[in-house]
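Worksheet for the structure shown next.
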Amino acid sequence: MSTPFELLPAAASATSVAVDVVVLLVFAVIGVVSLGVLLAMVLFVVRYRRRPGNLTGRGHDLATIRRFEFTWCGITAAVFLGLFVLGALEFDRVERVPAGAEAVDISVTAKRWMWSFQHANGRRELSRLHVPAGRVVRLHLTSEDVIHSFYVPAFRLKQDVVPGWLRTAWFRATAPGTYALACAEYCGTEHALMRAEVVVMEAHNYDRWLAQGDDGRPPLAAAGRALFERLDCGACHETRLRRRAPPLEGLYGRAVSLRDGSSVLADDDYIRRSILRPDAEVVADYQGGVMPTYAGLVDDDELLLLVAYIRSLAHAEGVSP
Amino acid sequence: MKSWLTTTDHKRIALLYLGTMTLFFTLGGLVATVIRVELATAASDLVTADTYNRLFTLHGVIMVFFFLIPSIPTFLGNYLLPLMLGAPDLAFPRLNLASWYVFVAGGLLTLTAMVAGGLDTGWTFYTPYSTTFSDSHVILAVLGVFLAGLSSVFTGINFIVTTHRLRAPGLAWLRLPLFVWSLYATSLILVLATPVLAMTLLLVAIERGLHVGIFDPEAGGSPLLFQHFFWFYSHPAVYIMILPGMGVISELVPCFSRNRPFGYGFVAASSLAIAVFGFLVWGHHMFVAGQSYFASVVFSFLSFAVAVPSGVKVFSWLGTMHRGSIWLTTPMIYALGFIALFTIGGGTGLALAMLAVDVHLHDTYFVVAHFHTIMVGGMLMAYLGGLHFWWPKISGRLYSERWGRIAAYTLFIGFLLTFLPQFVLGTQGLPRRTASYPPEFQFLQGLSSAGATILAVGYVLPGVYLLASLVRGRPAGDNPWGATGLEWCTSSPPPPHNFVRPPVVTDDPYDYPRAPQPTITGVGDA
Amino acid sequence: MNHESPAPTIAAAFLALLALLALTATTVALAFLELPPAVHVALAMSIAAIKAGLVVAVFMHLMREAPATRLVALVSVILLSILMLLVVVDVRHLGGG
Amino acid sequence: MPEAVREPFADPAHQRDAVALGMWAFLGQEVLFFGVLFVFYTSLRVRHPELFAAFAPRLDWRLATVMTVALLISSFTMALAVRFAFTRARRSLVLALSTTMILGAAFLALKGWEYAHHFEHGETPQIDLAGLGRGPGLATFFGVYFVLTGFHALHVLGGLGALGWLAVAAWRTPASDLRGSPVMAVGLYWHFVDIVWLFLFPALYLAGRLAP
Ligand code: HEA
Ligand code: HEA
Ligand code: CUA
Ligand SMILES: [Cu+2]
């Protein structure tokens, strides 16, 4: 039994120490303010206790009241603004997924009531996730049924997994070890048991683990490519046919201009949407109604493969626009 | 009996509400007790996980929709609003009675759902779990909550019209008691937020019953849209729950400090500001749900904005005590408890409103502790404080002051023991809504369960000595506390049309230095 | 006793009706023009809003009601706009809502 | 409606004023009640414009235009009814109320006919629960359509009930006892329901032409 006095679980990701500083800071602010209020009350109760000679209050004049109220509003507003900025800045670091190519991509599928993971080389695992220390791990999360939430307290990381959407999250684990992964969004009977382990290994160990567990399954991107070919997406998206459909090389992570004048970021979810509902967001200079919808033809897992393949083209060479 | 069930007298309707809500609170509390017993051990050994899910849902739904939201408005508000305004009744007395019936009908529907096998969606009814996956009685329960909402809307409309149109001659807006201001702000939220929940719940029922794809992602719908709708109501709803409590405290503190409120205008305006800004922050429940980054930042910022007027209230209460003549009676002890716990609860709300912090704390016990600190520690204290303050007016009797204090201190200690450990549990990363948990959290959970036992005792006590006072209590007199306000100018309990002669107001409120001295003797430290 | 009617005179009501019918014809006619979709939506919704405004001002005599009454009506519309705005912004940004 | 002034009020003008405020507060909540539906509609339209382009043309804009006209005229006669109630013109009041009811009933009849037509053509909102990866489609569009128009139709139905009650009461009451407030309250409600339709009409029926 760990001691109850350890307020925060051991910090094990690149962002968690900074988050802890913010957490402890705001706790300190709350503590100071609450103690202040408590002390003031005790003090007043003692000092201004009702007793013979002090049977009515003596009040304050309006000018004093106004001055103090405004000062107080100013002080709280300033403190609040500071807290807001701190939280928002740190949030930016936690949320913004690094786009670098050297990241380890892992697809995560949540279903009642287990987590399954798929590594870039196709290795799958259930309820236990192996990751390298020191490298950016990018998670691509889908759910097959209800909303779940990917929560690793030690990484101070939480991301809801919403069915029908493809979410991304990231972390960079700092120290090897085993950390708890819990489902934080209520999802039914065994929500409490929807736990898993994140095993952080030294990077070289991870590489070895990954290679050794290679059970002959094709890597994700390769499987995606095979699927891409089987579905004959290339009929339109082949580079030389570019006039019919936009090239998919270099697409991932880039801003795409749409026909209606707006632009979107080509993230996981955008690619997913483009496959399922191509006519909802039509790329500028192309026609709607050309690409057929693949809803019903590909399931969640296959979508992850296609997305993985298109992601692998993010830095593809030799494609002139 | 029949005269009670067909009464249009706001005072009797208020007591009907009091009775109904006490029943609901007892039920919700008993369920909480089972929850705490279950959580005393790490395994789910007392009840199965499925039952546990039904229990916390029942607890949340009953406590929120059938107890805390209607608590102060429909009981103290109903009873006191016309009295404080010098009016013979609410503007629409029959509507008032109708809203009680609708409320009871809603409660019965929800209870039917519970008896028929329960509801396991959590009080938040998140889709697609509630629409597609849950095999419990969602439709019945949702319709019950819908009716409770309808009843809220009726009450809100009644209060708004009454406050606008039935003030006694001379009772200008800036002479209104602060409790009336807070009720007015509450009513605005009741009327304008509740319909959003009502429609959303109907959509859930339609989606579930008729298989129309509204929030279903498979059919092009969006679960996040449901969350937007739900919280558009439910965040303002937390101010429905707290504003009337703040109003009560704003009555108690001046009375027992024998001082004018420090910054009457600021306190009144802060009620309105909370009501208005409260509508703009709902997305702080969705920081990790996948709402857009931009929306999260905006909602976080606005959540801090809404805390400024809450701070004004706390400051003003302290200012009122300063240079006062503080009389530590039972209601005042509750008021002090409220101020302390509201500050802690509100402050932890700010922690949750900080984006990066919420990523870690969202949906953990920290959130559970945050809202119980405000709702149980804050609002229930305010409710009990108000109940004790106006009990002599309502019943015409005095209760035992000694037992009153014992109960108040018991509650305070029980509360701290129950919910402070939960802050730590959440910070350590224990998700909420779990029947079982890893053994390393056992110690703090056990502490919390132990505290809940003390808390339960604290709640039973007032039930006993208040009832006893009805039989054995000394007559209270018209104005035992020597308080200002029109409700103290009539007899205890007030006659059927409240005032023998319609009152005319000529003074500012809370003229405590010149108020009559209390008629109670042997109470407090005078 | 006060029997003063808040309702519009017959003539005023009739004029309003004519205007409403004319606007209905306009909005239907406009729907057939070749215009960018955004313009279409803006036109159709503005016309609907004008029609609603007419009904509120004439048939529902809102302008003759007390300030508090007008305020309640206004606040509800503002709140709805806020809900609409923030949800749509969220949807546009991430396909979230 | 024949009763004298209700208890807490001093005089009829005071009461009328209070009823107006109460009714507007109620309508304020109705704005948000229907508002949810419009936000739902907008959110879907933004994410899936193609659904509206594809399926809105299946709605009959001619019929809807006729229904719009019927409702507009009924609003006109309702406004007259309120006037007659306050001037205590009993016969005209009953006549105006009945005309309003007939127009409202006509609207509902057309709506029912339209619904029947859609159901005949399999244009129903039910999604196929068994199908995997169903995706948004016809059912999604008709889901919005039926939910929005359905809630509106229910409100019209409620309005008809209230109007009927008013008409019967007016019929039975001597002219000198007529009170304006209840008619005014129902009138406000009726106009509001009319306004909802004024938005539904372009949003659903003309959307097929408005969408890209
Ligand atoms: C009565 C009920 C009530 C009240 C009043 C509040 C008030 C506040 N709440 Fe709370 N909240 C709930 C009930 C309530 N809440 C519930 C039920 C939930 C969970 C729902 C669920 O998921 O089931 C919740 C959840 C919740 C969350 C989401 C957490 C999550 O799920 O991740 C957040 C995040 O921002 C939040 C924030 C706030 C804030 C900023 C306030 C502010 O209004 C508080 C302002 C008050 C103060 C700050 C104290 C007084 C101020 C001073 C003395 C000034 C000086 C102070 C400082 C400098 C610190 N609340
Ligand atoms: C107004 C709201 C309110 C109130 C008053 C309470 C009161 C209490 N709540 Fe509750 N609670 C919620 C609102 C409230 N709660 C909500 C909204 C949730 C979230 C639900 C969800 O996740 O969906 C929640 C969830 C919740 C949980 C988390 C469950 C989980 O996430 O797994 C816990 C756990 O400790 C808990 C405990 C308690 C306790 C110990 C009390 C105590 O204060 C209760 C004390 C009262 C009594 C013990 C009854 C008093 C007894 C009598 C009057 C006489 C009875 C007679 C005898 C015993 C002889 N509550
Ligand atoms: Cu999955 Cu909770
Ligand atoms: Cu909130």
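Quick note: numbers below take in every heavy atom, side chains included, and nothing from hydrogens, waters or symmetry partners.
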- May I ask you to name which of D:V82, D:V196, D:L27, D:V31 has the most heavy-atom pairs under 4.5 Å with chain C? D:V31

- Query: Is it the backbone or the side chain of D:L80 that comes under 4.5 Å from a heavy atom of chain C, or both, or neither?
  - Reply: side chain

- Could you have a look at D:V46, D:V36, D:T68 and say which one has the most heavy-atom pairs with chain C under 4.5 angstrom? D:V46

- Message: Among C:E65, C:H61, C:K51, which residue has the highest count of heavy-atom pairs closer than 4.5 Å to chain D?
- Response: C:E65

- Query: Do the rings of D:Y145 and D:Y115 sit parallel, tilted or perpendicular, given the 30° and 60° boundaries?
  - Reply: perpendicular

- Selection from D:F76, D:F38, D:F40, D:F201 maximising heavy-atom pairs under 4.5 Å formed with chain C: D:F76

- Task: Answer with yes or no whether the side chains of D:T65 and D:Y205 bring together a donor and an acceptor at under 3.5 Å.
- Result: no

- Task: Side chain from CB out, backbone as N, CA, C, O: work out which of these in C:L17 comes under 4.5 Å of a heavy atom of chain D, or both, or neither.
- Result: side chain

- Item | Distance in Å, D:D194 CG paired with D:H152 NE2, rounded so as to fall on 0.5 Å steps | 7.0 Å

- Query: Out of curiosity, D:T42 OG1 to D:L37 CG, how far, rounded to the nearest 0.5 Å?
  - Reply: 10.5 Å

- Query: Looking at D:F199, D:F192, D:F84, which has the largest count of heavy-atom pairs under 4.5 Å with chain C?
  - Reply: D:F199

- Query: Under 4.5 Å between any side-chain heavy atoms of D:V186 and D:M23, yes or no?
  - Reply: no

- Exercise: identify the closest heavy-atom pair between D:V19 and D:A185: CG1-CB, 4.0 Å

